[in-house]
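Presented below is the structure to which this report refers.
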2 protein chains.
Amino acid sequence: MQACGDKPRSGAPKRVRLVDLAAQLGLTKGTVSRALNDHPDISDRTRMRVRKAAEKLGYRPLSHAQAIRTGRVRSLGLVLQVNEHDAHRPFVAEFLAGLSQAASAEDWTLTVATASSDTQTLELLDRLTAEKKADGFILPRTKLTDARIDFLRMRDVPFVLYGRTTDTRGCAWFDIESEKSIEDAVTLLAGLGHHRIGFVPGAEGYTYAKLRHDGYLTGLARSGLPHDPNLIAAPAMARVAGASAAATLLDLSDPPSAIVCSVDGAALGVYDAARHRGLKIGTDLSVISYDGIPETTLLDPPLSTYRVDTRAAGARLAELLIKRCRGAAPEDLRELGRAAFQSRGSHGVAPETS
Amino acid sequence: MQACGDKPRSGAPKRVRLVDLAAQLGLTKGTVSRALNDHPDISDRTRMRVRKAAEKLGYRPLSHAQAIRTGRVRSLGLVLQVNEHDAHRPFVAEFLAGLSQAASAEDWTLTVATASSDTQTLELLDRLTAEKKADGFILPRTKLTDARIDFLRMRDVPFVLYGRTTDTRGCAWFDIESEKSIEDAVTLLAGLGHHRIGFVPGAEGYTYAKLRHDGYLTGLARSGLPHDPNLIAAPAMARVAGASAAATLLDLSDPPSAIVCSVDGAALGVYDAARHRGLKIGTDLSVISYDGIPETTLLDPPLSTYRVDTRAAGARLAELLIKRCRGAAPEDLRELGRAAFQSRGSHGVAPETS
DNA sequence: TTCGTTTTCGAAACCGGTTTCGGCAACAGC
DNA sequence: GCTGTTGCCGAAACCGGTTTCGAAAACGAA
């Protein structure tokens, strides 16, 4: 039973402020504040006494009241772009879970906004930084040259990339080395006897698209296969574009016996194109893709793909950004991870007719 | 070219505060503040002059500095529960888009946290309200008796339900009348000659699960069909549970010729169970479901389902909650919407052998 | 015992806004 | 011409914390 004044059945128990706590203890609010924030000029005895009283009275500082002096709101910003390709839609929940869980662990929160264009994304970053709704930002889906990075760099606002970029000055990042996975896929297929391996790139401009493209070429080189530009289709992020990309490959006079896709969304379309031509996935045509979206298990046969642990990525990004906001140098906050291959039924040995 | 002091090439242009703006205008900060907030005791001439200067200098108040006096941080809180059933995962991106877009339109932001249990959800609500990280909360997936509602009601914190609940005191809400859709589905199937229509309920405890169950019963009654308790399977939210629920229905001595699912996730499993028994969906067995997740178009045949415009729902909820935070009575903030039927290939006339 | 440190805390300024209060000037009414 | 409003703005308090500064008290060394 906390010693509440004499309001008998007031629904909302009055918030306890720093001064209340101080009065209760016979100290000044400055002293109490320093005690709670572990300043060295407070005796251990007092510090403990204050802690216990704060606990008992349920004192919790208002974050915006702290922010006014410290300048820090303890919040991570995230501007999601939801329009264009809906390919990354499925990851959002997992990504959020990782971010917010890691943020909560440090008593931070997550401020989310969504934009439908690059311009609107910059406007939102502008507003969020101007009003100081967040201390720093997570930038997903980074491009080779990325306007968000330029903007935040100019304003001296901390940020962490989920991806990489060309101009690395002041950049911290966490990224999955998808290029290694694509390279692996090519090597694996070559080992199964495939000589002609097609590739469906991701959307132009994004760093990961270029890296996966590079990974494809590296895989070919490592396997001693020639590079035929005809085997590289048009970029595709989703089912329909994937189908037409696969169509151009399969209609070649010398079509590939295997196709590697940069993203699972495109692979969905590859299945369509193959079905349409009477090709059986896994025997007539091998497909390996990347991402690990839930639909891949629904396909027949299930799609072999490299699965990204999006939740873990989010968690790591949050940790890095918090460190960055606390003053760590961006050069010390650069990490890479790997996707995990899910070997399922969509790839097999090359057909003999090849 | 703004008249900046004399720092020549400083990367970060110094933030302009209220006092700076006031000094520039030869006014006091109190006057400027009142001018910007449209107080009636400021002349139009001054108000205009202040506005223009604020625009020119790019003045944006710090939201946490305002909050300290006003008590409002202009932020909507959302605690997502991501663990248990991953059935709602696909909606998250759309829901967020709706919420944050409507919030942005009013210059508010969205604070998101994720929990993996009911207890953790309450802990997060506790922390977010204690630190005042949000002015109010959106409560998705409401239950018949919901601890979150009790908690927020007790603390006098504004909230809006995405769903309904039993004890409506102090509750504002927006919800889709899914019970009407389920009722429609049953009626539609009965009209196609189905006499025995099975039902796969949603997870127990959630209001929508009970409502959809009610809708099923209403649909039967309206169609003059008898209610056979054997036709109601165990609750299922996802593919595996859906498959086993469908199995028990299909293995009845007098199995249904149609199955209505409370959620699309369960319907995925119904397809599995049907395939396993050599039943052709759409002819041997009709299936109609609810939600409109993307996977439904991938199925063969595509699943007939009632699609919810999750983005629009999010947008409306944000608008309602902002009104609620501004003092509107909860009783005036109660709205209902409808899902849209996507008639696809998974339902048809009842087989004659029935 | 005395003097210089060190420890510990109170007092007050401070952060950047909002809100209250009071007074001056302009204006109307008689 | 004098008073009573009204319009408009300055001055200062205020919100709830954090941080600085200085002084009293405790401590150690000589």
Side-chain angles (χ1 to χ4, degrees), chain A residues 13-51 53-54 57-75 107 127 129-133 135 326-327, chain B residues 13-51 53-54 57-75 107 127 129-133 135 326-327:
Chain A
K14 201 77 192 103
R15 163 182 289 286
V16 24
R17 298 161 304 167
L18 189 61
V19 276
D20 302 327
L21 182 56
Q24 178 81 16
L25 285 162
L27 296 170
T28 63
K29 59 176 186 170
T31 303
V32 175
S33 172
R34 276 169 297 163
L36 290 174
N37 292 331
D38 286 324
H39 282 231
D41 64 344
I42 299 294
S43 72
D44 287 334
R45 210 182 73 83
T46 304
R47 191 193 326 283
M48 290 309 167
R49 206 160 66 90
V50 171
R51 278 204 189 299
L57 298 190
Y59 168 72
R60 314 269 343 229
L62 289 173
S63 73
H64 58 264
Q66 313 191 119
I68 198 184
R69 192 68 219 264
T70 63
R72 290 229 237 80
V73 292
R74 282 186 291 125
S75 172
D107 224 357
R127 183 165 83 82
T129 56
E131 297 183 354
K132 188 85 189 183
K133 286 282 199 165
D135 299 301
R326 286 178 175 156
Chain B
K14 202 72 192 110
R15 163 182 289 285
V16 25
R17 297 161 305 169
L18 189 61
V19 276
D20 303 327
L21 182 55
Q24 179 80 15
L25 286 162
L27 297 170
T28 62
K29 59 175 186 171
T31 303
V32 174
S33 172
R34 275 170 296 162
L36 291 174
N37 292 331
D38 284 325
H39 280 232
D41 63 344
I42 299 295
S43 72
D44 287 335
R45 210 181 73 84
T46 304
R47 193 195 324 282
M48 289 309 166
R49 207 160 66 90
V50 170
R51 278 203 188 299
L57 298 189
Y59 169 73
R60 314 274 337 236
L62 288 173
S63 73
H64 58 262
Q66 313 189 128
I68 198 184
R69 191 69 219 264
T70 63
R72 290 230 238 78
V73 293
R74 281 186 293 127
S75 172
D107 223 356
R127 183 164 83 81
T129 56
E131 298 184 352
K132 189 84 189 182
K133 286 282 198 164
D135 299 300
R326 286 177 174 154

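By convention in this document, chain letters (A, B, ...) are assigned in the order of the sequence lines, proteins followed by strands, and residues within each chain are numbered from 1. Keep in mind that the numbers below use all heavy atoms, side chains included, and drop hydrogens, waters and symmetry copies. Bear in mind the structure is a predicted one, so any value in this text is a computation, not a measurement.
- Within the nucleic acid shown, A/L62 comes within 4.0 Å of sugar-phosphate atoms alone, with no base atom in reach, counting heavy atoms only.
- Note that the NE2 atom of A/H64 and the CD atom of B/Q66 stand 11.0 Å from one another [nearest 0.5 Å].
- Distance CD (A/Q66) to P (C/dG16): 16 Å, rounded to an integer number of Å.
- A/S43 comes within 4.0 angstrom of sugar-phosphate atoms only, judged by non-hydrogen atoms across all strands, and of no base.
- Side chains of A/L27 and A/V50 form a contact here, defined as non-hydrogen atoms less than 4.5 Å apart.
- Distance CG (A/N37) to P (D/dT19): 7 Å, rounded to an integer number of Å.
- Not one N or O on the side chain of B/R34 forms a donor-acceptor pair closer than 3.5 Å with the backbone of B/P40.
- Side-chain atoms of B/Q24 and B/V16, non-hydrogen and from C-beta on, never get closer than 4.5 Å to each other.
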What's the verdict on salt bridge (charged side-chain N to carboxylate O under 4.0 Å, His left out) for A/R51 and A/D38, showing C-alpha distance, side-chain angles and the deciding distance?
CA-CA 10 Å; A/R51 278 204 189 299; A/D38 286 324; 2.8 Å; yes

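- The side chain of B/L18 has C/dT18 as its nearest neighbour among D/dG17, C/dT18, C/dC9.
- Straight-line distance from the CD1 atom of B/I42 to the P atom of C/dT18: 12 Å, rounded to whole Å.
- Of the residues near DNA chain C, A/P40 and B/T70, the one whose nearest nucleotide (by heavy atom distance) lies more toward the 5' end is A/P40.
- Looking only at distances, no side-chain donor or acceptor of B/T46 sits under 3.5 Å from a matching main-chain atom of B/I42.
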Do nucleotides 10-15 of chain C as a string where each nucleotide becomes B, S or -: B if the base has a protein heavy atom under 4.0 Å, S if just the sugar-phosphate does, - if no protein is that close.
BB--BB

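- We find that CZ of A/R15 is positioned 9 Å from P of D/dG16, with the value rounded to whole Å.
- Here D/dG16 presents its P atom at 17 Å from CG of A/L36, a figure rounded to the nearest Å.
- The CG-P distance, from B/D20 to C/dG17, rounds to 8 Å in whole Å.
- Between the side chain of B/K133 and the main chain of A/R74, a donor-acceptor pair closer than 3.5 Å is present.
- Residue B/H39 is in sugar-phosphate contact alone, with no base atom involved, counting any heavy-atom pair closer than 4.0 Å across all strands shown.
- In this structure, CZ of A/R47 is placed 11 Å from C1' of C/dT8, rounded to the nearest angstrom.
- In this entry the distance linking CD of B/E131 with P of D/dG17 reads 11 Å, nearest Å.
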